[in-house]
Amino acid sequence: MTDIRLATNHDGEQISDLIAKIFAEYPGCVFDRAVEFPELDAIADDFAPLGAIWVAENAEGQIIGCLGIKLSDDQTVAELHKVYLDKSSRGQGLAQRLLSRARDWLLAQYPACQELVLWTDTRFVAGHHFYRKCGFIETGQSRILDDLSKSAELAFRAEPATVLAATYNNLH
């Protein structure tokens, strides 16, 4: 049984391990926590007050997935962050469950939010498929990051209620 709950600051170490493991799946993806992921030292605080992050734990209490949302100051745009799922847990509906939990929270807490956006590395092709399946559309925007991985990213967007409907249909 997999449990989904709000992350705490104490989850940073396991989220770090998860991200490092996923980055290792992709040539050229470099994980350096101290340089590029210092927010993991207080991950729940990093998402507060205008956001939240959830984790999925397996029966042994190991974090196997995470997904966070941060809102703009005017609370009309939300952005997905830290969307990661252990390879062994993919294709089982867990990512949809995480997204559904976050979407329910977003719609309940911030009903004025009109847009949900995300940026994803061009190498994460399976993630692109997941986002499209859940109702996101590619915007045509891209950017190159000044990071150790020399990441190129693509932008996706959706209306929150549309994503919820797409996620609901995929879960049932």
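Bear in mind the structure is a predicted one, so any value in this text is a computation, not a measurement.
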Item to check | Joint hydrophobic cluster, Ile19 plus Leu145, side-chain heavy atoms closer than 4.5 Å | outcome: no
Item to check | Donor-acceptor pair, side chain of Ser149 and main chain of Val30, under 3.5 angstrom | outcome: yes
Checklist entry - Roughly how far, to the nearest 0.5 Å, is the SG atom of Cys66 from the CD1 atom of Ile53? => result 5.0 Å
Item to check | salt_bridge(Lys82, Asp46) N-O dist < 4.0 Å | outcome: no
Checklist outcome for this item: Between Ala52 and Phe47, the two heavy atoms sitting closest are O-CD2, 3.5 Å
Next on the checklist: So which atom in Gln62 and which in Gln14 form the shortest heavy-atom distance, rounded to 0.1 Å?
Outcome noted: CA-OE1, 3.3 Å
Checklist entry - Taking C-beta and beyond as the side chain, do Lys70 and Leu50 meet within less than 4.5 Å on heavy atoms? => result no
Checklist entry - Taking atom CG of Asp121 and atom NZ of Lys150, what is their separation to the nearest 0.5 Å? => result 13.0 Å
Checklist entry - Between Trp54 and Phe130, is there a shared hydrophobic cluster once you connect ILVMFWY residues whose side-chain heavy atoms come closer than 4.5 Å? => result yes
Checklist entry - Looking only at heavy atoms, which two atoms of Pro160 and Leu116 are closest? And how far apart? => result CD-N, 4.2 Å
Checklist entry - Between the main-chain N or O of Asp45 and the side-chain N or O of Asn9, is there a donor-acceptor pair closer than 3.5 Å? => result yes
Next on the checklist: For a quick test of reading the model, state the closest non-hydrogen atom pair linking Tyr110 to Gln75 and the distance between them.
Outcome noted: CD2-OE1, 3.4 Å
Checklist entry - Are the side chains of Val83 and Tyr131 in touch, meaning some heavy atoms are under 4.5 Å apart? => result yes
Checklist entry - Does any non-hydrogen side-chain atom of Trp105 lie less than 4.5 Å from one of Leu6? => result no
Next on the checklist: A side-chain contact here means heavy atoms from C-beta on lying under 4.5 Å apart; do Gln96 and Arg103 qualify?
Outcome noted: no
Checklist outcome for this item: Tightest non-hydrogen contact, residues Ile43 and Thr8, listed as CG2-O, 3.4 Å
Item to check | ILVMFWY network linking Phe31 to Ile15, side-chain heavy atoms under 4.5 angstrom | outcome: yes
Checklist entry - Does Lys21 have any salt bridge (charged side-chain N to carboxylate O under 4.0 Å, His left out) partners at least two apart in sequence or in another chain, and if so, which? => result Asp86
Item to check | Check: Arg101 side chain, Ile4 main-chain N or O, donor-acceptor pair, under 3.5 Å | outcome: yes
Item to check | Donor-acceptor contact below 3.5 Å, side chain Glu36 vs main chain Leu148 | outcome: yes
Next on the checklist: Quick check: do Gln109 and Leu71 have side-chain heavy atoms less than 4.5 Å from each other?
Outcome noted: no
Checklist entry - Should Trp119 and Ile69 be counted in the same cluster of Ile, Leu, Val, Met, Phe, Trp and Tyr side chains packed under 4.5 Å apart? => result no
Item to check | Student check: side-chain heavy atoms of Cys113 and Thr76 closer than 4.5 Å | outcome: no
Checklist outcome for this item: Rounding to 0.5 Å, atoms CG (Leu94) and CG (Leu85) come to a distance of 5.0 Å
Item to check | Short N-O contact, Glu25 and Arg123, less than 4.0 angstrom | outcome: no
Next on the checklist: Within this structure, what is the CD-CG distance for the pair Glu13 and Asp41, rounded to the nearest 0.5 Å?
Outcome noted: 8.5 Å
Next on the checklist: Is it true that, when you exclude Asp74 itself, more than 12 heavy atoms of the residues, nucleotides or ligands shown sit nearer than 6.0 Å to its CG?
Outcome noted: yes
Checklist entry - Any donor and acceptor pair, going by atom type alone, linking the side chain of Ser72 with main-chain N or O of Val77 inside 3.5 Å? => result yes
Checklist entry - Which class fits the ring pair Tyr84 and Phe124: parallel under 30°, tilted 30 to 60°, perpendicular over 60°? => result perpendicular
Checklist entry - What distance separates Ser16 OG from Glu39 CD, expressed to the nearest 0.5 Å? => result 10.0 Å
Checklist entry - With side chains defined as the heavy atoms from C-beta onward, is the minimum distance between Arg5 and Val55 less than 4.5 Å? => result yes
Checklist outcome for this item: Correct closest heavy-atom pair for Gly65 and Leu98 would be C-CD1, 4.2 Å
Checklist entry - Is the closest basic N to carboxylate O distance between Arg143 and Glu153 below 4.0 Å? => result yes
Item to check | Test of ring centre spacing under 6.0 Å for His128 and Phe156 | outcome: yes
Next on the checklist: Hydrophobic clustering (ILVMFWY, side-chain heavy atoms < 4.5 Å, transitive) - are Val163 and Leu67 grouped together?
Outcome noted: yes
